[in-house]
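In the text below, chain A, chain B and the rest are named by the order of the sequence lines, each starting its count at 1. Excluded from the calculations below are hydrogen atoms, water molecules and symmetry mates; all remaining heavy atoms, backbone and side chain alike, are included.
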2 protein chains.
Amino acid sequence: MTNQARGLHAQLLESLGPAITAGEYPPGSVLRTDELAQRFDVSRTVVREAVRVLESMHLVESRRRVGVTVRPTEEWNVYDPQVIRWRLAGADRPRQLRSLTVLRSAVEPVAAGLAAQFATPEQCAELTGRALGMVATSRGRQLDAYLVHDIAFHRVVLRASGNEMFARLGDVVAEVLSGRTRHQVMFEDPDPAAVTLHVQVAEAVREGDAVRAERLTREIAVGALQELDVLAP
Amino acid sequence: MTNQARGLHAQLLESLGPAITAGEYPPGSVLRTDELAQRFDVSRTVVREAVRVLESMHLVESRRRVGVTVRPTEEWNVYDPQVIRWRLAGADRPRQLRSLTVLRSAVEPVAAGLAAQFATPEQCAELTGRALGMVATSRGRQLDAYLVHDIAFHRVVLRASGNEMFARLGDVVAEVLSGRTRHQVMFEDPDPAAVTLHVQVAEAVREGDAVRAERLTREIAVGALQELDVLAP
DNA sequence: GTGACATAAACGTCGTACTTTTTGTTCCCC
DNA sequence: GGGGAACAAAAAGTACGACGTTTATGTCAC
């Protein structure tokens, strides 16, 4: 775990957050700060700080006399990277992975189109480099090295779009991609068609062809969705 | 303000959050908990809780011996509804509004396509009702009533997509739409073409025509972007 | 000049005492 | 007997003071 003891409250958070998002404390259930303090052997101050954070994620609601109640799932801040990480580590990982992939399929094509218009020469170069890296590692069981390039590629596209909302999804995409490689059994080398598409996207962006970049990225997204359909029923 | 004194720490947050997002404390600047406690006349405990929340939003970073330093803008959790609200209330509202509208233009068409496939009969009914409501309030300076229907319409589409990530963007869209109506001077009645498009989207969703629903919603998005280009240079 | 050590500044943690709010209960009056 | 008002208890909120811990920084010796 990334539990580097960056403070007691952070450790507590790393216990409570996953537990709540995993449904261990179902919505509506109540926690009491005293009880938590005792159970985790920390002061109430520490518990309160952790609860404040969970509250800011809309995972729980703290009301006087009542306690800390877990909020219904629909109200959670599911865009919070921390929450995403917790949920991806938990039980309904497949569902989560699907949600995020659908989001990707909506966002990345548009981002690629914008990138074709606004990418700097440096970003174009980086993109081409990453695409070449993907080609170079696409055969011979080098999935880890491939993944690094894949993540970097998508991150550059999102950032090059010039839209900060898109850029911030880089982490999400990284989680999805690495999750896919790490968790789902991928014995085989990546789909050659996908690799080619990445190269072509880099090309389109470099040439400033927004329409083509968008269309190609949409094809990549469709592929990712189909792959998900095959691997997770 | 929605400053209902739900606790001292929340009040402090409502002071610090907007100040930071507005750039009043530029990235890199440091705050000290002692100093804040003194300045706002609260205990350090309260300050620390507020700081914890800001930290979870990645707005600040608290390090020993250094203090609480404001993080660079690119690291902020810009999907946090609270952060969005603060930034929309602040100075760079136009930039923010554009970012969010671009996000909408990417997400909503895909959401509409999914809604056409998965919307329940109740959701179809609600959608049609809202579209009709928009028509009914589209003339004669009833912008407020129109806005209510508009927001509800988009919210239903996002929820009907069946994707929780999309569903959670309902609040964001609501902020964007109400912000547009409230802030930018809209003397005139809404664009009749847009109203018609909404009616047609409701139609397409009801008939399960995903491709048409997506295409029509994309037209709405393009319109929103163009409108933004005209009103904000 | 470099490295080890001392120092102090800031946050981190804790225990305790007090306050506020909500809720449930009891008791009195109608 | 029923309803309403006052009261009691429970749980979180707030405050404070003391001590612990980390770490940037400066100093001193080599």
Spacing between Gln11(B) atom CD and dG13(D) atom C1', to the nearest angstrom = 12 Å
Arg206(A) and Thr128(A): side-chain donor and acceptor closer than 3.5 Å?
-> yes
Which listed nucleotide (dC11(C), dT14(D), dC14(C)) is nearest to the side chain of Arg48(B)?
-> dC11(C)
Thr45(B) side chain N/O closer than 4.0 Å to the phosphate oxygens (OP1, OP2) of dC16(D)?
-> no
In whole Å, what is the span from the CZ atom of Arg63(B) to the P atom of dT23(D)?
-> 8 Å
Are any of Thr33(A)'s side-chain N or O atoms less than 4.0 Å away from OP1 or OP2 of dA12(D)?
-> yes
Which whole-number value in Å describes the distance from Asp34(B) CG to dG12(C) C1'?
-> 12 Å
Mind checking whether Tyr79(B) and Tyr79(A) have parallel, tilted or perpendicular rings, split at 30° and 60°?
-> parallel
For Leu12(B) and dA15(D), what is the distance between atoms CG and C1' respectively, to the nearest whole Å?
-> 15 Å
Separation of atom CD in Glu35(B) from atom P in dA9(C), rounded to whole Å = 16 Å
Ser56(B) and Val53(A) have their tightest heavy-atom pair at CB-CG1, 3.5 Å
Can you tell me how far P of dA11(D) sits from CD of Glu61(A), to the nearest Å?
-> 18 Å
Comparing Ser43(A) with Val66(A), nearest DNA chain C nucleotide closer to 5' gives the residue Ser43(A)
To the nearest Å, give me how far apart CG (Leu36(B)) and P (dA10(C)) are.
-> 12 Å
Choosing from dA10(D), dT25(D), dC16(D), which nucleotide comes nearest the side chain of Arg65(A)?
-> dA10(D)
Spell out yes or no: do the side chain of Arg44(A) and the base of dT14(D) have one donor N/O and one acceptor N/O closer than 3.5 Å?
-> yes
What is the distance, rounded to the nearest whole Å, between atom CD of Gln38(A) and atom C1' of dA11(D)?
-> 15 Å
Flag the pair Arg85(A) and Glu14(A) as a salt bridge only when some basic side-chain nitrogen lies within less than 4.0 angstrom of an acidic carboxylate oxygen.
-> no
Just checking, is any N or O donor in the side chain of His154(A) or His149(A) under 3.5 Å from an acceptor N or O on the other one?
-> no
